[in-house]
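Structure record follows, encoded as structure tokens.
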Amino acid sequence: MPALVLLGAQWGDEGKGKATDLLGGSVDYVVRYQGGNNAGHTVVVGDQKYALHLLPSGILSPGCTPVIGNGVVVDPSVLFSELSGLNERGVDTSKLLISGNAHIITPYNVTVDKVTERFLGKRKIGTTGRGIGPTYADKINRVGIRVQDLYDESILTQKVEAALDVKNQMLTKLYNRRAIATGQVVEELLAYADKLAPYVADTVLLLNQALDDDKVVLFEGGQGTLLDIDHGTYPFVTSSNPTAGGACTGAGVGPTKISRVIGILKAYTTRVGAGPFPTELFDEDGEALRRIGGERGVTTGRDRRCGWFDAVIARYATRVNGLTDFFLTKLDVLTGWEQIPVCVAYEIDGKRVEELPYSQTDFHHAKPVYETLPGWNEDITKAKSFSDLPKNAQAYVKALEEMSGAPISAIGVGPGRDETIEINSFL
Ligand code: GDP
Ligand code: IMO
Ligand code: MG
């Protein structure tokens with residue numbers, strides 16, 4: 001009954017897509033459990049590069065069944081354009097399963113996301129503008145539209161009407177926009193119903209049966225721990241639970257079934273969008289990390305903010321997710337620095353603090369306390385085992401492991417599937 005959760009330990013973009021794809025060949029199911037097409041997971045297979053937003057990265061492994069769980073929010077237009085893009089490249093997507101309980105990102109939720117951000121001005125979150133927040137808000141407000149609603153026109157019409165009731169007041173009176181007509185939205189959504197039907201399934205039943213049959217299930221997180229609505233740097237977060245518990249609610253699998261929780265951890269730190277980031281660099285080192293690491297958003301094309309590794313965050317990720325392992329990515333990007341600073345604690349109002357403060361004010365005031373580790377110059381992209389790494393790179397990994405509180409079981413030394421050092425097997 002091996003069920004593994006693979007999630008981001010920082011602010012997203014840690015390399016979850018690559019890690020999922022690497023394991024995809026050995027697992028039976030890969031399940032997205034939260035988020036939607038705000039994610040951008042890059043997978044490099046041979047000389048082919050794929051950018052996945054909504055689909056689980058397991059879709060690229062022929063033996064694996066990709067599943068979109070109940071906790072995900074689905075934009076049908078994005079779904080079908082992503083599917084046809086893969087089909088054109090010869091990828092078979094026919095095994096995909098989508099929960100009938102997943103919520104739909106409607107066109108009005110994309111509009112609300114954009115106008116809300118504009119209205120917030122300087123206080124904006126810097127969302128991806130994909131309608132994620134408003135769709136989860138509708139879910140919690142109990143005016144959401146679910147995949148299953150597409151199969152009952154009368155119910156769908158009532159639900160869209162209910163959802164638009166308040167939104168149209170807001171759009172016309174507050175944001176000076178035109179009202180959205182129920183009929184138009186219903187028509188647009190119904191047009192997806194037949195195309196979507198072959199994929200819709202009771203994914204909760206199916207995944208639990210698969211686990212009972214000793215199949216291997218991998219839950220692939222979107223975003224990251226610090227973007228979690230409960231455990232992240234609220235309000236500068238996404239509107240779902242990327243943390244380990246989210247896999248249970250977002251897929252309908254009990255916590256007792258989860259055997260391993262793997263945190264994907266970049267060898268330095270990046271963040272997209274607004275919000276505090278203690279180790280952020282505004283100098284040429286930050287610029288170099290961005291350039292060498294190719295730190296540009298896959299979804300929005302925005303430059304990612306870059307900074308040194310933050311062990312306080314890694315420790316926090318270990319704690320809130322119950323991490324059993326880390327997969328350290330992009331170690332190769334750090335090649336060439338003479339000295340590499342690592343944040344081991346914060347200084348907040350003159351006091352040294354070892355753990356992430358729960359107070360937003362304190363976190364905004366946190367200044368990194370650095371320890372400096374010696375760097376290396378040797379090319380590490382061909383390393384196949386830990387002992388192939390230069391001594392200083394080995395010491396860097398060991399130091400991070402010690403500070404972060406869970407074993408580093410794999411190391412990424414390049415974007416390709418095979419550019420990985422496996423230390424402990426995940427399966
Ligand atoms: P995700 O959102 O967590 O899946 O990560 P992204 O795909 O947004 O960003 C990670 C980027 O780093 C992608 O371009 C990957 O191809 C790339 N990548 C992943 N692992 C490694 C690695 O170990 N080394 C290098 N150089 N690139 C990597
Ligand atoms: P992957 O899966 C990095 C950020 C946005 C914004 C905040 C809220 O590729 O790691 P949203 O549109 O979700 O309401 O935006 O969350 N964000 C991400 N940052 N990687 C992601 O996904 C992200 N998905 C959302 O930039 O700050
Ligand atoms: Mg990404």
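Each ligand, and each atom within it, is numbered from 1 in the order the structure gives.
- Nearest protein heavy-atom contact of atom 10 (C) of ligand 1 is Asp13 O, 3.8 Å.
- Looking at Gln223 next to ligand 2, an N or O pair under 3.5 Å apart turns up.
- Residue-level proximity to ligand 2 for Trp11 is carried by the backbone, the only part with a heavy atom below 4.0 angstrom.
- Counting only non-hydrogen atoms, the option in Glu220, Arg302, Gln10 that gets closest to atom 26 (O) of ligand 2 is Arg302.
- For atom 27 (N) of ligand 1, the nearest non-hydrogen atom from the set Arg304, Lys330, Arg417, Gln10 belongs to Lys330.
- Using a cut-off of 4.0 Å between Lys/Arg side-chain N and Asp/Glu carboxylate O, Asp138 and Lys167 are scored as salt-bridged.
- Listed by atom number, the atoms of ligand 2 under 4.0 Å from Ile125 heavy atoms are 27 (O).
- Inclusion of Gly40 in the first shell of the Mg ion (ligand 3) is supported: an N, O or S atom falls under 2.8 Å.
- Closest heavy-atom approach to atom 8 (C) of ligand 2 among the candidates Asp13, Thr42, Val237, Asn38: Val237.
- Looking at ligand 2, you won't find any N or O of Thr127 less than 3.5 Å from one of its N or O atoms.
- The minimum heavy-atom distance between Asp285 and Trp337, with the atom names listed, is OD1-NE1, 2.9 Å.
- Of the listed options Thr270, Thr238, Val298, Val73, Thr238 places a heavy atom closest to atom 11 (P) of ligand 2.
- Ligand 1 has an N or O atom lying under 3.5 Å from an N or O atom of Gly414, backbone or side chain.
- No donor-acceptor contact under 3.5 angstrom links the side chains of Thr279 and Asp310, judged on distance only.
- Residue contacts with ligand 1: Gly17 is placed with a nitrogen or oxygen under 3.5 Å of a nitrogen or oxygen of the ligand (distance criterion only).
- Residue contacts with ligand 2: Arg304 is excluded, as none of its non-hydrogen atoms falls under 4.0 Å.
- A cation-pi geometry, defined here as NZ or CZ lying under 6.0 Å from the six-membered ring centre and within 45° of its normal, holds between Lys398 and Phe386.
- Of all atoms in ligand 1, listed by their number and element, those nearer than 4.0 Å to a heavy atom of Lys18 are 19 (C), 20 (N).
- Between Glu117 and Lys124, no side-chain nitrogen of the basic residue sits less than 4.0 Å from a carboxylate oxygen of the acidic one, so the salt-bridge criterion is not met.
- The shortest N or O to N or O distance between Val298 and ligand 1 is not below 3.5 Å.
- Note on Glu355 versus Arg315: salt bridge recorded, some NZ/NE/NH1/NH2 to OD/OE distance being below 4.0 Å.
- The proximity of Glu14 to ligand 2, defined as any non-hydrogen pair under 4.0 Å, does not occur for either the backbone or the side chain.
- Contact check for Leu331 versus Tyr396: side-chain heavy atoms found under the 4.5 Å cut-off.
- Heavy atoms of Gly126 approach ligand 2 to within less than 4.0 angstrom.
- Using a distance-only test at 3.5 Å, with no hydrogens or angles considered, a donor-acceptor pair links the side chain of Asn208 to the main chain of Val204.
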Do Asp75 and Arg130 pass the salt bridge (charged side-chain N to carboxylate O under 4.0 Å, His left out) test, and can you show the C-alpha distance, the side-chain angles, and the key distance before you say yes or no? CA-CA 9 Å; Asp75 184 327; Arg130 301 299 193 263; over 6 Å; no
Residues Asp325, Ser409; criterion side chain to side chain donor-acceptor pair (under 3.5 Å); working and verdict: CA-CA 6 Å; Asp325 304 80; Ser409 294; 2.6 Å; yes
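- Proximity of a side-chain donor or acceptor of Ser99 to a complementary backbone N or O of Asn101 within less than 3.5 Å is detected.
- Note: no N/O pair closer than 3.5 Å links Val333 and ligand 1 by distance alone.
- Protein heavy atom nearest atom 12 (O) of ligand 2, with residue, atom name and distance: Thr128 OG1, 2.6 Å.
- Judged by the shortest distance from any of its heavy atoms, Gly12 lies outside the 4.0 Å radius around the atoms of ligand 1.
- Note on ligand 2: His41 sits in its first shell, one or more heavy atoms being nearer than 4.0 Å.
- Closest to atom 14 (O) of ligand 1 by heavy atom, among Asp332, Thr270, Thr42, is Thr42.
- Considering backbone and side-chain N/O of Lys16, one or more are found under 3.5 Å from N/O of ligand 1.
- Listed by atom number, the atoms of ligand 2 under 4.0 Å from Lys16 heavy atoms are 1 (P), 2 (O), 10 (O).
- With a 4.0 Å heavy-atom cut-off, ligand 1 is reached by the backbone of Val413 but not by any atom from C-beta on.
- The protein non-hydrogen atom at the shortest distance from atom 16 (O) of ligand 1 is Pro415 CB, 3.6 Å.
- Taking a cut-off of under 4.0 Å to the non-hydrogen atoms of His41, the atoms of ligand 1 that pass are 1 (P), 2 (O), 4 (O), 7 (O).
- Using a 4.0 Å cutoff on heavy atoms, Ser239 does not count as a contact of ligand 2.
- When you scan the N, O or S atoms of Asp13 for the one nearest the Mg ion (ligand 3), you land on OD1.
- The single protein non-hydrogen atom nearest to atom 6 (P) of ligand 1 is Gly40 O, 3.5 Å, given as residue, atom name and distance.
- Using a 30° and 60° split on the angle between ring planes, Trp11 and Phe363 fall in the tilted class, from 30° to 60°.
- At a threshold of 4.0 Å, the pair Glu295-Arg302 does not count as salt-bridged, since none of the basic side-chain nitrogens sits closer than that to a carboxylate oxygen.
- In this structure, Lys195 is positioned above the aromatic face of Phe80, its NZ or CZ under 6.0 Å from the six-membered ring centre and within 45° of the axis.
- Here the shortest heavy-atom distance to atom 18 (C) of ligand 2, taken over Asn37, Leu227, Val272, belongs to Leu227.
- Within ligand 2, the atoms closer than 4.0 Å to a non-hydrogen atom of Gly12 are 10 (O), 20 (N), numbered from 1 in the order shown.
- Here the shortest heavy-atom pairing between Val72 and Ala102 reads O-CB, 3.6 Å.
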Residues Glu347, Lys367; criterion salt bridge (charged side-chain N to carboxylate O under 4.0 Å, His left out); working and verdict: CA-CA 5 Å; Glu347 191 194 295; Lys367 292 196 182 65; 5.6 Å; no
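- Set against the non-hydrogen atoms of Gly412, the atoms of ligand 1 under 4.0 Å away are 23 (O).
- Ligand 1 lies nowhere less than 4.0 angstrom from a heavy atom belonging to Gly294.
- Both tests hold for Arg89 against Tyr50: distance to the six-membered ring centre under 6.0 Å, angle to the ring axis within 45°.
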Thr420 vs Lys18, side chain to side chain donor-acceptor pair (under 3.5 Å): CA-CA, chis, key distance, verdict: CA-CA 10 Å; Thr420 307; Lys18 175 195 154 163; 3.0 Å; yes
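- In this structure, Ile98 CD1 and Leu54 CG are separated by 7.5 Å, a value rounded to the nearest 0.5 Å.
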